[in-house]
Amino acid sequence: MANETNNFSEIIAHCKEYGYIFPSSEIYDGLSAVYDYGQNGVQLKKNIRDYWWKSMTQLHENIVGIDAAIFMHPLTWKASGHIDNFSDPMIDNKDSNKRYRVDHLIESYADKLAHEGRKEEEYALLKRMDELLSKDDFTGLRNLIEDNNITCAVSETCNWTDIRQFNLMFDTQLGTISGEADKIYLRPETAQGIFVNFLNVQKTGRMRIPFGIAQTGKAFRNEIVARQFIFRMREFEQMEMQFFVRPGTELQWYEYWKEARLKWHESLGIPVEKLRYHNHVKLAHYANAAVDIEYEFPFGFKELEGIHSRTDFDLKQHGELSKKKLQYFDNDLKEDGEPYGNYIPYVVETSVGLDRLFLTVISMSYAEEKWTKEDGSEDSRVVLRIPAKIAPYKLAILPLVKKDGLPEIAKQLMNECKESFYTFYEEKDSIGKRYRRMDAIGTPFCVTIDHRTKDDNTVTIRYRDTMLQERIPLSDVRKVVMEKIS
RNA sequence: GCGGAAGUAGCUCACCUGGUAGAGCGACAGCUUCCCAAGCUGUAGGUAGCGGGUUCGAGUCCCGUCUUCCGCUCCA
């Protein structure tokens, strides 16, 4: 049963063919980097989300959830730095087709000047760049590049395109009349919805530090290059948890969550050898430590989840712009017997991409298998070995033939089971064909009702991963499946 | 964004140097066998991604455009 492959385009095709992922607006030629979840995909996605939600909230008495709106006050993004820090002017070299961030291009030239001991020129250049950047003067910036004859490292020419603004955030209008004053953004991360509700949750939930707030929801980012299927989409879903801690303890908690999150991925069924940490060397403006948990996708190791020590940056910023005191009074006593008192909590963030996790599950589950049957002929199947606890359908109920009362028994069993888990009923085609279909959508268990069932009330249960089957009492089916999916 | 490749039925593809679309699989209905796909009969489904041009005539040639995949680039 070897010959497993992991061809990415086959996985994508399989996702479409079996109702997991469809390109958005496909009848209109699709919409770049936007995808829809189909009837099976939505179920798998929900199951992954629920598994995360339960592990965060139900299993941690000090973590609660919220569901903040996608629309937020525009100052939110001023405070978070998204307006100022994440809208980068870009420029392309026409000869090499290399693209640069304008500030990076100029800074690297400034470094060169510094190396040559031309400190004054370096200083003047950077000062001029900052002036122009703050004014969004793209013509001036381009002139600055050309006047200094700053060249592309690859083509070594100074043949540049115009400078274009890259906007991270999508905007829209809140009022009925469009205009700059009504411009609001679609959130580029769910985290800010948690930060602005910090006091609401802390006070109404009487939360004591350390505690966390979890949230799942859509976020929107205008990617420079959005590709690789659902790995990098313009509309995607995050599962974030912000953990508020006492200042000075953030790095301990960072280590704690770093380890806890990796274990969580393993508990979901992701193979250990396909996971690794990737420490950030260059840190974002809000972080004092950051690590990614990466999964080895068919296109290489890529970020699945980020764990960031965000310091008190966000709460402090929101405190300043909103003029509200986003602080916490800590009654716990220090070693000297005094309470810790008022402080702005530090934050450790865990942020996982639900769509990326979905892609991880599909990637690790997808297998094309070939083997030789006893009679010497070749056989094959495509199977999704989705962990049973998150598979869309748990159990297929199949009458061996659609007569002699077998469908009736099957439907009765279905009624008995469907309160507990998702079932799939199928009476068409040969039993082997039906097993194959269930393999292709990842249903972990099938039971077949046959004539013997009428005599002794037993059924055959067939396991997706091993294709082995065994005889169990009809009355045990629900219990057996429940055990295997919990 | 650049380069390469590709877009014909749900899927995989065919139609060679232009003459008004076919197959296999799949789906659906029925029959048959009955514990691991590919038995029989029938049915549905495509203005060949979209737009324009050349031509008496274009899926087939030309241009544009959109989308996807691969590589590069970028990435909070």
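Order of the sequence lines sets the chain letters (A, B, ...), proteins ahead of strands, with each chain counted from 1. What's counted below: heavy atoms across the whole structure, side chains too, no hydrogens, waters or symmetry copies.
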Counting only side-chain nitrogens and oxygens, does [X] get under 4.0 Å of the OP1 or OP2 atom of [N]?
| X | N | result |
| --- | --- | --- |
| K433(A) | C36(B) | no |
| K302(A) | C75(B) | no |
| R437(A) | A27(B) | yes |

Need one value for [X]: base, sugar-phosphate or nothing, where a base atom within 4.0 Å counts as base even if backbone is also close, heavy atoms only.
| X | value |
| --- | --- |
| F22(A) | nothing |
| E17(A) | sugar-phosphate |
| R434(A) | nothing |
| R452(A) | nothing |
| D439(A) | nothing |

Interatomic distance at C1', C35(B) relative to U43(B), whole Å: 30 Å

For F297(A) and F231(A), I'd like to know if the aromatic rings sit close, meaning centre-to-centre distance below 6.0 Å. yes

Do F244(A) and F198(A) make the cut of ring centroids closer than 6.0 angstrom? yes

Expressed in angstrom and rounded to an integer, what is the separation of [X] atom [atom1] from [N] atom [atom2]?
| X | N | atom1 | atom2 | value |
| --- | --- | --- | --- | --- |
| R381(A) | C36(B) | CZ | C1' | 9 Å |
| R464(A) | C35(B) | CZ | P | 24 Å |
| E368(A) | A37(B) | CD | P | 18 Å |
| R462(A) | C35(B) | CZ | P | 15 Å |
| K428(A) | A37(B) | NZ | P | 16 Å |
| Q317(A) | A76(B) | CD | P | 19 Å |
| L186(A) | A76(B) | CG | P | 21 Å |
| M169(A) | C75(B) | CE | P | 18 Å |

Select one nucleotide: of C34(B), C70(B), C75(B), the one nearest the side-chain heavy atoms of R232(A). C75(B)

Which listed nucleotide (C35(B), U68(B), C11(B)) is nearest to the side chain of T460(A)? C35(B)

In the structure shown, which nucleotide is the Watson-Crick or G-U wobble counterpart of G3(B), with both distances under 3.5 Å? C70(B)

For the residue pair H308(A) and V291(A), what are the closest heavy atoms and their distance? CD2-O, 4.5 Å

In terms of side-chain heavy atoms, does D456(A) have a donor or acceptor partner in T458(A) at a distance below 3.5 Å? yes

Applying ring-ring contact (aromatic ring centres under 6.0 Å, His included) between F229(A) and each of Y35(A), F358(A), F236(A), report the one that passes. Y35(A)

